[in-house]
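What follows is one structure encoded as structure tokens, with my remarks underneath.
Along the sequence shown, the residues carry numbers beginning at 1.
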Amino acid sequence: MIVVGVDGSLPARAAVAWAANDAYRMHQPLRLVCAVDRQPYQIARFPDPDRPDELRRTAQKALNEAVALVRERQPSVEVTTRLEEGTPAMILREQGKAAVEVVVGSRGLGRIAGPLLGSVSDQVAGHAEAPVVVVHGARRPTSGLVVVGVDGSPECRPALAYAFEQAALRGGRLRAVHAWRRPVQAFGAELPHEVEQDRAAREQRLRELVEPFTRLHPDVAVTEDVRYADAVEALSRASEEADLLVVGSHGRGAVSSALLGSVSRGVLHHARCTVVVVRAG
């Protein structure tokens with residue numbers, strides 16, 4: 001099952017369209033989830049029975065429109081809806097426990113209470129158990145390229161697995177990017193041969209991590225890209241020509257720290273394409 005957040009905004013509609021296409025490719029049912037968050041407006045959960053519940057009415061309308069969009073894009077996809085009470089991040093994290101991925105828009109201030117995304121995307125990506133897809137709504141030509149950030153640690157393998165699967169489903173290409181910056185030396189500059197030895201070791205490590213997935217997906221054309229650069233900058237640049245950018249949620253090295261690390265968060269805010277954050281464990 002694929003879960004997608006709905007709030008009636010244009011970015012959320014882009015997320016629904018993306019999720020419908022991915023559900024079709026993955027042969028998965030789609031669940032559209034809309035969270036009614038009353039807290040910003042201090043609206044009672046049980047309003048006067050003589051007055052309509054405007055928030056729930058608006059939420060239901062957004063869900064109905066999202067269902068219509070799915071049926072227009074991918075009529076064969078099974079689609080259900082859930083209207084829940086609570087904050088969007090909490091509801092999406094809960095719904096995502098049974099999902100193969102959770103899809104949200106990159107920005108959004110919909111007709112439901114409060115913004116669906118912005119801080120919510122960070123919260124969902126940092127805590128959800130399933131991969132979290134943050135869809136950028138700007139339309140752009142498809143390139144068939146999936147980019148994945150590889151930090152050199154074993155924890156990046158779930159991100160690699162997801163990226164290879166997406167590239168295979170799309171009949172596309174994959175670029176594995178490893179970016180690093182050496183720490184400033186306390187005494188003197190680095191010798192050229194030391195830099196080259198470091199690069200060679202990192203290239204070898206990248207090959208070792210990628211190789212098992214190339215055996216599983218022999219039809220996916222793979223490029224291994226090792227760059228001496230800031231990780232967020234390197235991945236953001238790579239995203240300019242990609243359909244999808246995949247990063248891990250924690251690990252050691254470039255894509256690091258518990259939950260949503262600085263690189264993952266930076267990529268979410270600066271990438272030019274749809275981003276997927278895959279939790280390592």
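Two residues are said to be in side-chain contact when any heavy atoms from C-beta on lie closer than 4.5 Å; L268 and S264 fail this criterion. Taking the side chain as every heavy atom from C-beta outward, V104 and V135 never approach each other to under 4.5 Å. Contact annotation: the side chain of M26 approaches that of I2 to within less than 4.5 Å [non-hydrogen atoms, C-beta and beyond]. The shortest side-chain heavy-atom distance between P88 and D37 falls under the 4.5 Å cut-off. Residues E203 and E224 are not in side-chain contact: their nearest non-hydrogen atoms beyond the backbone lie 4.5 Å or more apart. Side-chain contact between V132 and V276: absent, with no pair of heavy atoms (C-beta onward) separated by less than 4.5 Å. Side-chain contact between V33 and V4 is absent, with no heavy atoms from C-beta onward closer than 4.5 Å. A heavy-atom distance below 4.5 Å is not found between the side chains of R279 and V277.
A salt bridge between R237 and E240 is absent, with no side-chain N of the basic residue lying under 4.0 Å from a carboxylate O of the acidic one. Under the 4.0 Å criterion applied to side-chain N and carboxylate O atoms, R175 and E241 are assigned as salt-bridge partners.
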Can V246 and V147 be said to form a side chain to side chain contact (heavy atoms under 4.5 Å, CB included), step by step?
CA-CA 6 Å; V246 184; V147 172; over 6 Å; no
Mind running side chain to side chain contact (heavy atoms under 4.5 Å, CB included) on F164 and T214 for me, showing each step along the way?
CA-CA 8 Å; F164 267 90; T214 61; 3.9 Å; yes
I'd like to know whether R205 forms a side chain to side chain contact (heavy atoms under 4.5 Å, CB included) with L209, so could you lay out the CA-CA distance, the side-chain angles of the two residues, the decisive distance to 0.1 Å, and finally the verdict.
CA-CA 6 Å; R205 180 55 177 159; L209 287 166; 3.7 Å; yes
Before giving the answer on salt bridge (Lys or Arg N to Asp or Glu O under 4.0 Å), spell out for E129 and R93 the whole-Å C-alpha distance, their side-chain angles and the decisive distance to 0.1 Å.
CA-CA 8 Å; E129 298 177 14; R93 290 201 304 264; over 6 Å; no
Checking L245 against V267 for the side chain to side chain contact (heavy atoms under 4.5 Å, CB included) test, could you report, in this order, the C-alpha distance in whole Å, the side-chain angles of both residues, the deciding distance, and whether it holds?
CA-CA 9 Å; L245 171 58; V267 165; 3.2 Å; yes
Stepwise side-chain hydrogen bond (donor to acceptor under 3.5 Å, both in side chains) check, D198 with W180
CA-CA 10 Å; D198 192 1; W180 94 101; 3.2 Å; yes
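Judged purely by atom type and a 3.5 angstrom limit, R199 uses its side chain to pair as donor or acceptor with the backbone of V226. In this structure, D243 contributes its side chain and G144 its backbone to a donor-acceptor pair below 3.5 Å. Put simply, the side chain of Q28 gets close to the backbone of M1: a donor and an acceptor are under 3.5 Å apart. Using a distance-only test at 3.5 Å, with no hydrogens or angles considered, no donor-acceptor pair links the side chain of S239 to the main chain of A242.
From L174, atom CG reaches atom CG of L160 across 7.5 Å, with rounding to the nearest 0.5 Å. Distance check: R202 CZ to Q197 CD gives 13.0 Å after rounding to the nearest 0.5 Å. With rounding to the nearest 0.5 angstrom, the CD atom of E101 is 4.5 Å from the CH2 atom of W18. Interatomic distance, E94 CD to T87 OG1, rounded to the nearest 0.5 Å: 11.0 Å. Rounding to the nearest 0.5 Å gives a distance of 5.5 Å between SG of C34 and CG of L83. With rounding to the nearest 0.5 angstrom, the CG atom of L63 is 10.5 Å from the CG atom of D7.
Of all the heavy atoms in V3 and A99, the pair that sits closest is CG2-CB, 3.8 Å. Of all non-hydrogen atoms in A59 and V36, the two that sit nearest each other are CB-CG2, 3.7 Å. Residues V210 and A176 approach most closely at CG2-CB, 3.9 Å, considering heavy atoms. Residues S106 and V134 come closest through the heavy atom pair CA-CG1, 3.6 Å. A271 and S236 make their closest contact through N-OG, 4.1 Å (heavy atoms, listed as atom of the first residue, atom of the second, distance). Taking each heavy atom of A19 and L30 in turn, the nearest pair found is CB-CD1, 3.7 Å.
At a cut-off of 3.5 Å, with distance as the only test, a side-chain donor of R207 or Q204 sits close to an acceptor on the other residue. For the residue pair Q166 / D22, a side-chain donor-acceptor distance below 3.5 Å is found, with atom types taken as modelled. No side-chain donor from either of T223 and D225 sits under 3.5 Å from a side-chain acceptor of the other.
Environment of CZ in R25: crowded, with over 12 heavy atoms of neighbouring residues, nucleotides or ligands closer than 6.0 Å.
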